[in-house]
Amino acid sequence: MKSSRPSSKKQILFFVAGVVLLTAVFHIYIIREAKSVSSMAVIPLMFIPGLVAIACSNFFGNNLRDLGLVPPKKASMLYAYCIPAVCATLALLILVWADIGKLRWPDTGIMKVLFLRPTLSVLVTGVLVFGEELGWRGYLHTHLMRARIPEPILVTGFIWSVWHWPLILFANHSPSSMPWLSILLFTICMMSFSVILGWLREYSKSVFPCALAHAVHKTWVQIISPEFYVAGPLDPFFGGESGFVLAILYLIIAIYLYRKHIAASNY
């Protein structure tokens, strides 16, 4: 008997449409009223992909296990923490070596930066980004794979990147004097990082390593590294998520994972 459940392509359209409509409300508020990604409106914004994913799964009668809500392999959690943390540290050292910025001693205390930030901050951030990952690497990734869309991991990364564009163009996410260059570099960085997250999703069959890696990325890039760093005038083009350095580091790892694992497995 033929299933009445909509195809994965239709489910993808419903998911993307739902995310776009709900996201627009918060994007408009952040851009027009708050004018900053530090606004509390960013918190519900981050949960939208996951909430839409749960709604779509229930509406279309999917199994919630399809979202990757299963225990992960232990090794995948180690990879999830180490890859973004090492990349963030290397990016900091390269920026200092290239004289893009200066190294400094943290004002908040070395114990807080080296012990509380990498643990407690990652856990708190992990709760927030879990909402994103449940949507992107849980629902969207799964249905792109089932629909046999070419290069599903790259498609997920591109949609995820575009989701951030309004905040780069019209708010203060990755500010620079050349916002379109920031968007290009941010997209390269996030699509490369998405390859890493997509590989973790397939390697572990779980969304939890993706959420951990995302949380570690945000914590180390946006919180820990700035504690040790004084940005120079060129930092908007070389540092952070919209700079050359981190984009290149993630791109190198993404190319390796793609050639070694992803392409060979026909994801």
Side-chain angles (χ1 to χ4, degrees), residues 10-60 64 67-69 84 121-144 155-176 178-191 193-194 197 207-208 210-223 226 236 240-242:
K10 289 183 179 179
Q11 293 194 45
I12 291 167
L13 291 176
F14 274 97
F15 170 78
V16 172
V19 170
V20 168
L21 289 174
L22 291 177
T23 294
V25 175
F26 291 94
H27 274 172
I28 291 170
Y29 173 79
I30 293 169
I31 292 167
R32 290 187 176 181
E33 304 297 331
K35 297 178 171 49
S36 172
V37 293
S38 298
S39 166
M40 293 298 290
V42 171
I43 295 177
L45 177 66
M46 295 172 71
F47 282 100
I48 286 175
L51 292 174
V52 174
I54 292 172
C56 287
S57 291
N58 287 331
F59 182 76
F60 295 123
L64 287 180
L67 296 176
L69 297 174
S121 293
V122 168
L123 289 174
V124 173
T125 305
V127 173
L128 299 176
V129 301
F130 183 76
E132 283 193 51
E133 290 306 317
L134 196 61
W136 305 131
R137 251 61 59 173
Y139 192 90
L140 182 59
H141 175 95
T142 297
H143 287 284
L144 286 170
V155 172
T156 300
F158 183 72
I159 294 174
W160 182 37
S161 300
V162 172
W163 188 67
H164 291 84
W165 285 6
L167 300 182
I168 297 176
L169 282 175
F170 306 112
N172 64 339
H173 190 299
S174 304
S176 78
M178 300 175 67
W180 285 106
L181 177 59
S182 294
I183 279 182
L184 175 62
L185 293 172
F186 177 86
T187 302
I188 293 172
C189 185
M190 290 299 100
M191 287 187 68
F193 190 44
S194 184
L197 297 178
V207 76
F208 293 108
C210 304
L212 176 60
H214 192 162
V216 172
H217 164 86
K218 292 184 74 70
T219 302
W220 281 76
V221 174
Q222 298 179 6
I223 300 175
E241 295 175 321
S242 59

Passing candidate, ring pair (Phe, Tyr, Trp, His ring centres under 6.0 Å) with Tyr139, options Phe14, Phe15, Phe60:
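Of the listed residues Phe14, Phe15, Phe60, the ring pair (Phe, Tyr, Trp, His ring centres under 6.0 Å) partner of Tyr139 is Phe15.
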
Taking the side chain as everything from C-beta on, heavy atoms only, tell me whether [X] gets closer than 4.5 Å to [Y].
X      : Y      : value
Pro166 : Ile31  : yes
Leu67  : Ser57  : yes
Val20  : Val16  : yes
Trp136 : His141 : no
Arg32  : His27  : no

Measure the spacing between [atom1] of [X] and [atom2] of [Y] and express it to the nearest 0.5 Å.
X      : Y      : atom1 : atom2 : value
Leu134 : Ile48  : CG    : CD1   : 13.5 Å
Asn58  : Ile54  : CG    : CD1   : 7.5 Å
Leu169 : Ile183 : CG    : CD1   : 3.5 Å
Cys56  : Ile12  : SG    : CD1   : 11.0 Å
Leu45  : Leu22  : CG    : CG    : 10.0 Å
Leu212 : Glu133 : CG    : CD    : 10.5 Å

Between the side chains of [X] and [Y], is a donor N or O closer than 3.5 angstrom to an acceptor N or O?
X      : Y      : value
Glu241 : His164 : no
Glu132 : Trp163 : no
Ser194 : Arg137 : yes

Is the distance from the ring center of His214 to that of Phe130 below 6.0 Å?
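Aromatic pair excluded; centres sit 6.0 Å or further apart.
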
Mind listing the closest non-hydrogen atom pair of Val129 and Ala211 along with its distance?
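Result for this residue pair: CG2-O, 3.4 Å.
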
Can you name the nearest heavy-atom pair linking Ile30 to Ala41, along with the distance?
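Taking Ile30 first and Ala41 second, the nearest heavy atoms are CG1-CB, 3.8 Å.
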
List for me each residue that meets ring pair (Phe, Tyr, Trp, His ring centres under 6.0 Å) alongside Phe26, sequence neighbours excluded, and say none if there are none.
none

Taking only residues two or more places apart in sequence or in another chain, which ones pass side chain to side chain contact (heavy atoms under 4.5 Å, CB included) with Ala213?
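Here the qualifying residues are Ala80, Pro84, Phe193, Leu197, Leu200.
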
Leu128 and Phe47: side chain to side chain contact (heavy atoms under 4.5 Å, CB included), yes or no, with the steps?
CA-CA 7 Å; Leu128 299 176; Phe47 282 100; 3.9 Å; yes

Given the rule in the side chain to side chain contact (heavy atoms under 4.5 Å, CB included) test, do His173 and Phe186 qualify, once you have shown the distances and angles that lead to the verdict?
CA-CA 10 Å; His173 190 299; Phe186 177 86; 3.6 Å; yes

